[in-house]
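Quantities reported herein were computed from a predicted structural model and do not represent experimental measurements.
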Number of protein chains: 2
Amino acid sequence: MAQSKSATPGRGMLADEIADYLSANIRSGAFAHGTKLPTEHSLSEQFGVSRTVVREAISRIKSDGLVTSRQGSGVYVAHSSTRRSFKLGESLVDAADVLALFELRQPLELASARLAAARRTEEHLERIRQAHAAMEDSSDWSEEGVIADLAFHHEIAMATGNGYYADFMAFLGGALQNTIRAARSGSGRPEIKKITISEHARILAAIEQRDPESAAMAMSMHLQGARERMSDKT
Amino acid sequence: MAQSKSATPGRGMLADEIADYLSANIRSGAFAHGTKLPTEHSLSEQFGVSRTVVREAISRIKSDGLVTSRQGSGVYVAHSSTRRSFKLGESLVDAADVLALFELRQPLELASARLAAARRTEEHLERIRQAHAAMEDSSDWSEEGVIADLAFHHEIAMATGNGYYADFMAFLGGALQNTIRAARSGSGRPEIKKITISEHARILAAIEQRDPESAAMAMSMHLQGARERMSDKT
DNA sequence: CACGATTTGTACGTATGTATC
DNA sequence: AGATACATACGTACAAATCGT
C-alpha cells in the first residue's frame, strides 16, 4: 500500500507515504467524519519522521477536501460532501484497470458526441475538423498521432458547451494516453490507422449534420473497435 | 482568484493561495510541460512567505500529478498525461453550474444502473434495498434522507463491480449533496418524498429482475423528475 | 575530476490560536 | 476569568543530491 514509487525510500517519498496512509484510512471510513486526526506530533512519532513531513502530507489531503484544520484545535475529517477531487491510482498497468476505466469513459463519450452534435457551433466544428486532419497527417503511429486522436475527442467534448465534459474527458484521455500509445506502438499494422480515421470521420460527419443519434452510434462503434484493438494486442 | 476562504488572511491560507497560483498557471499553460518551476526560495520571496509554506503548496500540486520534484535539481511540470486528479470548483452556487454537472452525471447514472442490473450479486441487492428502506424511514426531508438518497445511488454504482463508477459517483454525489438538500428543504411538500421513493422503487425492481434496459429507463425518468423538481423550486 | 554553488528534503524551534482546569 | 497546556501555522537551520565550472 505504501512504497508507491520505485525510488529509494527516504528520498522524497515520506510525505507520499503518510498522505496515502491518511487518505486511505479516511476513505475507508476508519476515521469517521468529524473525528479528530492524531496530532502532528503523534503522527511524526508514529512514522518516525519530522512534523514538517506530516504537515506536507496533511496539506495534501486538505487540498482534496478530506480534512479541515483549525489552529490550536486539531485536524478534523470533513464530510464526504466537501470532497473536491477525484483521483486515479498512479499506474494503470493492470489490464483490468484499463478496461474498467474504459467502461467509465464510454457512456461519457456517447453523451459527449450526442450533445456536441446538437449544440456545436461552426467554430467548434472547425476545430474538430482540424484535429481530424492532424490525425491524417501524422505518421502512423507517432506520439503526435495519439495526441491528435485525444484532441479530436477533447474538441468534441468542448463542443458540448459544458465545461465539465471538456475537463473530465481531458482528464480521462490523459490517463489513457500511455495505454493507447502502448497498444498502438505494438501492432505496427498500417491499416489500423485507416480504420481509426474512418471511424472518426463517421463521427465528424454526424456532428456536421447535427445528428445526435448518428453521432452517438458512430462513437459507440469507434469505442468498441478501439477496445477490440486493445484486446487483440494483449 | 486567491482569497478563496473567508477567514482572515494569514491564518492558514498562505499555502492555498500559492497552490492555486501554481495550479492555475500550469493548467493554463503559462508553465509548459517540462519547464522548471521557480525555486522554492524565489517563490518564498515573491510571495513574502517562508519556504515551508511554498513547500506545502508544491506538495499539493505534486500529489495531483502536476509536477515532479528532484532533489538538488528543481521542480518540473509533468506531462498532462500524468495528471491524477479531477477537481471541482469549491462552490456550485451558480444554477447553470449545477445543471451542467447534472448533465455530466446523467449518462453515468444510466450506465451505472444498466451495469448494476446485469452484474449485481445478492449482497449488492441487499445493500441497495437497505438504502431504499432508509429513505422511506427518514422524515421528509431531513439530512439523513438526502444521505440515504445518495447512498442508494452509490450502492448501485458499487453493484457495477467497477470501482471507478463507485468512486466517481460518490464524488459527484457529494458535490451535489448541498444542492439537493437546498432544493428539497425549500419545498416542504410531502408528496415529493412519495414520488422520489416510487421512482427509486422502479429502479430497484429493474435491478432485482436483472433487466438492464428497464433499469436505465427507470433511472432516466428519475433523473428527469429530479431535474424538474430542482427547476420548479428556483 | 573535484569542488562549490544551488536546490530540494528533513529536522527543529518559535509564534499564535484554542481548549481546559 | 485567568493561567496553563497543547495544537496548528510559520520560520530557520542543517543534510543530501544535483549541476555547472
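- Considering only residues two or more places apart in sequence or on other chains, R83(B) meets the salt bridge (Lys or Arg N to Asp or Glu O under 4.0 Å) condition with none of them.
- In this structure, R60(A) contributes its side chain and S59(B) its backbone to a donor-acceptor pair below 3.5 Å.
- Atom-to-atom, CE of M13(B) to P of dG17(C) comes out at 16 Å; the value is rounded to the nearest Å.
- Evaluation of the salt bridge (Lys or Arg N to Asp or Glu O under 4.0 Å) rule for R70(B) yields no partner, not counting sequence neighbours.
- In this structure, CD1 of I58(A) is placed 6 Å from P of dT8(D), rounded to the nearest angstrom.
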Could you write out each protein N or O paired with an N or O of nucleotides 3-7 of chain D at a distance under 3.5 Å?
none

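- A donor-acceptor pair under 3.5 Å links the side-chain atoms of N162(B) to the main chain of Y164(B), judged by distance alone.
- Taking atom CG of residue D16(A) and atom C1' of nucleotide dT10(C), one finds them 15 Å apart after rounding to whole Å.
- When the side chain to side chain donor-acceptor pair (under 3.5 Å) test is applied to S23(B), the partners found at least two apart in sequence or on another chain are R27(B).
- At distances below 3.5 Å, not a single donor-acceptor pair connects side-chain atoms of Y165(A) with backbone N or O atoms of A159(A).
- Against DNA chain C, the stretch residues 44-57 of chain A makes heavy-atom approaches under 4.0 Å through V49(A), S50(A), R51(A), T52(A), V53(A).
- Every residue meeting the side-chain contact (heavy atoms from CB on, under 4.5 Å) condition with E45(B), not counting sequence neighbours, appears here in chain and number order: H41(B).
- Looking only at distances, no side-chain donor or acceptor of S81(B) sits under 3.5 Å from a matching main-chain atom of Q177(A).
- To the nearest angstrom, P of dG20(D) lies 10 Å from CZ of R70(B).
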